[in-house]
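In what follows, a structure is listed as structure tokens, so that the remarks can point back to it.
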Amino acid sequence: MTIHLTHWGTFEAETDGDRLRSVRPWSQDPEPPPMLENIVGVQDHPVRITQPHVRRGWLENGPGGEGRGDDSFVPVSWDKALDLLAGELRRVYDGYGPESVYGGSYGWASAGRFHHAQSQVHRFLNCLGGYVSSVNSYSLGATTVLLPHVVGPAWKIMDDSTTYEVIAEHTELVVAFGGLSPKNAVVAPGGVGRHGMRSWVGAARARGCRFVSVSPLEDDTHPDAEAEWLAPRPAGDVALMLGLAYVLDTEGLADKEFLRRYTVGYERFAEYVRGSADGVPKTPEWAEALTEIPAARIRALAGEMASSRTMITVSWSLQRTRFGEQPLWLGLVLAAMLGQIGLPGGGFGHGYGSSAVAGMPFRAVPLPSLPQGRNGCDTFIPVARIADMLLNPGQEYDYNGQRLTYPGIRLVYWGGGNPFHHHQDLARLRHAFTRPDTVVVHDPFWTATARHADIVLPSTMSIERDDFGGGYGDPVFVPMRALTRPNAQARDDYQVFADLAARLGVGEAFTEGRTSHEWLRHLYTGWAADREREGNPVPSFDEFWASEDVLELPVHPREHVSLAEFRADPDRNPLRTPSGRIEIFSETIDGFGYPDCPGHPVWREPEEWLGGEQAKAHPLHLIANQPKTRLHSQLDHGPHSQGAKVGGREPVRLHPADAAARGLAEGDVVRIFNDRGSCLAGLVTSTAVRRGVAQLSTGAWYDPDPADPSVCRHGNPNVLTADRPTSSLAQGSSGQHALVEVERCAGTPPEVNAHRPPV
């Protein structure tokens, strides 16, 4: 029995050296997630890529995108694949330069720190001169750009979260916009050793803390919270927040002294709330008309918030919508109006229930990782604008006060990630992927991204290679020895790039003369020397590597209060904002002149929501949330993910009344559609879903109909979601919401081919 790490937990494995026999949760994890079951049975699944492949049209006709996504693949030897790829890289870099290469590599990839695919890809491309990079993330696009203007760097705010122990001991009321989802709280970038959401929620509730979950899904909050469920119209959270702000402001419940000392711009915002700026007071009655939450409940909730030690939380999902900056900003403003920021159990949180990281005592030391080198190209895009970039080279666009230009991309290099999971409007993305001369993908499996590539190189899974790993902020550091041999001809990314680098004359720059295991020893030894100098010695590499246990690293205080130092003395401990205070009105953002994101939080009606005209044609609001049976699209072919499918397709949940109104029954194969596309899914009915909502999780592998790529036969909701930014400020993903209609699938449903290898 030996231990290993995933993004959703640590596990113990039994292996014969050729394949995994079984896995079980780490014995020290009090709340292990069932997603660990996905690991068994996927290693030699038929959808595993067994050797290098080249798309037939590219191989026979040379670089070009015609046929990409439809063409067959030709298996080739490693030498031939690497020779072809080295020649193409040389052609593109020599002829067009680094600004013609997009090093996407966006995704969770491996939990291991050395074999982290993104680090490997970027280090290799930097050795060649650089690449066009991406900034921010699909998960937190609006967050990453907005928060530095109004309260400080996003990473610092989330790392600084009030810990669970403090909430469990001091908080009297948690108002969770977007809920506190137990399925999301089990995952973290790089992994998490011990899970504990049930523990802290249960302890808080037992002490008398009340939870209010504001979400279209009742089960978006842990059942032990016994939460009151408020279900406004999806995308109506901003209107509800403004109604609450109106009551706090006009009924004398706002903490004027806190607002004076710790914030700037409150009066500008208050004029808008009172209606003196636009003639529309944001009363609870105004909010009720938009949200369908009774005005009396809005008034009462505002009073409860003001009279309790209240934590306002905003989930990541709320900013992953059109105008997603607004609910995030307003959650912070509500917390400021209550005046409890910096007090134990009160204030503002972003990410509780969105990731295991928020609320954990944060690790006090960094982890070793592979240096990526210096990127010689300074061109970048916001990550969610990849289709725009490929389709519109030379076009200008706005981003965070800058006027940028999309580069002309000749080659896309992708390793570790699946844009056909993350991105919206997949038919449009598929068209965009025909534009580059060449697309290169490293992947263990025939994902949709691999199927839309020209050169496909089979990667090892983390269980097939030596590494070490630890999660973002997590104190558990794990020696990840290879559990099995590599499947078929799979190679780890480092070996592939070392061979490519040698062919291109940059071998020494990439490898520095080290094998992958020598890199592990080198990185660990340097890291251990740093710990020794700090007075926190750790075991030698040999001791660490031979251990059958994890290495426990020190953490910051377990009872931590967010922004406590700022509250204690804002002059000595200013925020990293232009004013040093919380910016309820931002002169900087206002100066950008963006109508879709002005200088303070506002209500902007989304193009698609149940309160608008488009709902007449498509009267259901799709919630494309994160799945509970896998992490994003990872291991969708695993047994735990497959066990939740309905007739082999992703389940879609409807309220029983909405299903009955359409003549639908549990287990039906249904067609979900709008003007962008359609997908087939298996119907599940549940009263935990608000009336008028269809909930279809992301992550089902895209399985386009050969005759129409806007149709997914497997249930990927991103054929339905719009490739539309949050705003001109952040240019983030808005893929959480769309309007749709649902009907029974006519005739015999087609077979699902997503988990079969291509021709």
Side-chain angles (χ1 to χ4, degrees), residues 178-179 181 183 214-220 229 231-237 291-292 317-318 320-322 421 424-426 606-629 644-647 649-700 702-703 710-722 724 734-746 749:
S181 177
K183 62 180 173 54
V214 183
S215 169
L217 308 174
E218 185 177 20
D219 51 7
D220 246 359
W229 180 29
R233 278 179 176 147
D237 302 81
T291 66
E292 299 181 341
S317 60
L318 261 66
R320 203 160 49 246
T321 59
R322 187 72 166 128
H421 156 68
Q424 284 63 63
D425 197 346
L426 293 185
E607 293 88 341
E608 295 186 46
W609 80 306
L610 294 177
E613 283 296 312
Q614 292 190 38
K616 294 177 181 177
H618 301 109
L620 292 172
H621 195 118
L622 174 72
I623 302 295
N625 65 345
Q626 295 302 322
K628 65 187 298 184
T629 60
K645 304 284 184 180
V646 178
R649 299 173 212 275
E650 192 68 12
V652 58
R653 292 200 300 172
L654 292 179
H655 191 280
D658 287 328
R662 291 160 175 79
L664 303 175
E666 183 105 5
D668 282 349
V669 175
V670 297
R671 175 177 175 259
I672 311 168
F673 64 94
N674 60 20
D675 293 337
R676 283 179 291 273
S678 65
C679 64
L680 301 182
L683 180 63
V684 175
T685 60
S686 173
T687 56
V689 179
R690 184 196 194 275
R691 289 286 305 271
V693 165
Q695 180 259 311
L696 177 65
S697 293
T698 64
Y702 176 48
D703 188 24
S710 72
V711 177
C712 177
R713 298 169 292 190
H714 187 206
N716 188 315
N718 281 334
V719 294
L720 304 162
T721 53
R724 185 185 292 142
S734 63
Q736 184 86 4
H737 292 178
L739 288 180
V740 300
E741 179 58 293
V742 177
E743 64 184 12
R744 181 178 284 106
C745 175

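It should be emphasised that the depicted structure is a prediction, and the values quoted were computed from it without experimental measurement. For reference, positions follow the sequence shown, starting with 1.
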- What residues, two or more places apart in sequence or in another chain, satisfy side chain to side chain donor-acceptor pair (under 3.5 Å) together with Gln614? none

- Item | Glu292/Arg691 salt bridge by N-O under 4.0 Å criterion | no

- Query: More than 12 non-hydrogen atoms from neighbouring residues, nucleotides or ligands closer than 6.0 Å to NZ on Lys645, yes or no?
  - Reply: yes

- Message: For the CZ atom of Arg724 and the CZ atom of Arg322, what is their distance to the nearest 0.5 Å?
- Response: 6.5 Å

- Do you know which two heavy atoms are closest between Leu622 and Pro717, and how far apart they sit? CD2-CB, 4.1 Å

- Note on the structure: Nearest heavy-atom contact between Arg744 and Ala665 is NH2-N, 4.3 Å

- Evaluate the side-chain contact (heavy atoms from CB on, under 4.5 Å) criterion for residues Trp229 and Asp220: first the C-alpha distance (whole Å), next the side-chain angles of each, then the deciding distance (0.1 Å), finally the verdict. CA-CA 10 Å; Trp229 180 29; Asp220 246 359; over 6 Å; no

- Distance from His655 atom NE2 to Arg690 atom CZ, nearest 0.5 Å? 10.5 Å

- Dump the intermediate steps for side-chain contact (heavy atoms from CB on, under 4.5 Å) on Arg713 and Arg649, then the final yes or no. CA-CA 8 Å; Arg713 298 169 292 190; Arg649 299 173 212 275; 4.2 Å; yes

- Query: Measuring from Arg662:CZ to Glu743:CD, what's the distance to the nearest 0.5 Å?
  - Reply: 10.5 Å

- Message: Ser697: which residues meet the side chain to side chain donor-acceptor pair (under 3.5 Å) condition with it, sequence neighbours left out?
- Response: Asn625, Gln695

- Heavy atoms only: give me the nearest Pro232-Asp237 pair and the separation to one decimal. CG-OD2, 4.4 Å

- Message: Quick check for you: to the nearest 0.5 Å, what is the distance between Ser678 atom OG and Glu741 atom CD?
- Response: 13.0 Å

- Message: So, using salt bridge (charged side-chain N to carboxylate O under 4.0 Å, His left out) as the criterion, who are the partners of Arg320 when residues are at least two apart?
- Response: none

- Message: Which heavy atom of Leu696 sits nearest to which heavy atom of Ala681, and what is that distance?
- Response: CD1-CB, 4.2 Å

- Evaluation steps, side-chain contact (heavy atoms from CB on, under 4.5 Å), between Val652 and Val684: CA-CA 6 Å; Val652 58; Val684 175; over 6 Å; no

- Item | Charged N-O contact under 4.0 Å between Arg676 and Asp425 | no

- Message: Apply side-chain contact (heavy atoms from CB on, under 4.5 Å) to residues His621 and Arg233 and explain how you reach the verdict.
- Response: CA-CA 9 Å; His621 195 118; Arg233 278 179 176 147; over 6 Å; no

- Message: To the nearest 0.5 Å, what is the distance between CG on Leu680 and SG on Cys712?
- Response: 8.0 Å

- Item | Contacts of type side chain to side chain donor-acceptor pair (under 3.5 Å), residue Thr721, not counting sequence neighbours | Asn718

- From NE2 (His618) to CD1 (Ile672), nearest 0.5 Å: 12.5 Å

- Sorted by chain and residue number, the salt bridge (charged side-chain N to carboxylate O under 4.0 Å, His left out) partners of Asp219 (sequence neighbours excluded) come out as Arg653

- Note on the structure: Heavy-atom closest pair (Val742 atom, Phe673 atom, distance to 0.1 Å) is N-CE2, 4.3 Å

- Message: Taking side chain to side chain donor-acceptor pair (under 3.5 Å) as the definition, give me every residue that meets it alongside Thr685, ordered by chain and number, with sequence neighbours left out.
- Response: Glu666

- Message: Quick check: closest heavy atoms across Thr698 and Ala624, and the distance to 0.1 Å?
- Response: CG2-O, 3.6 Å

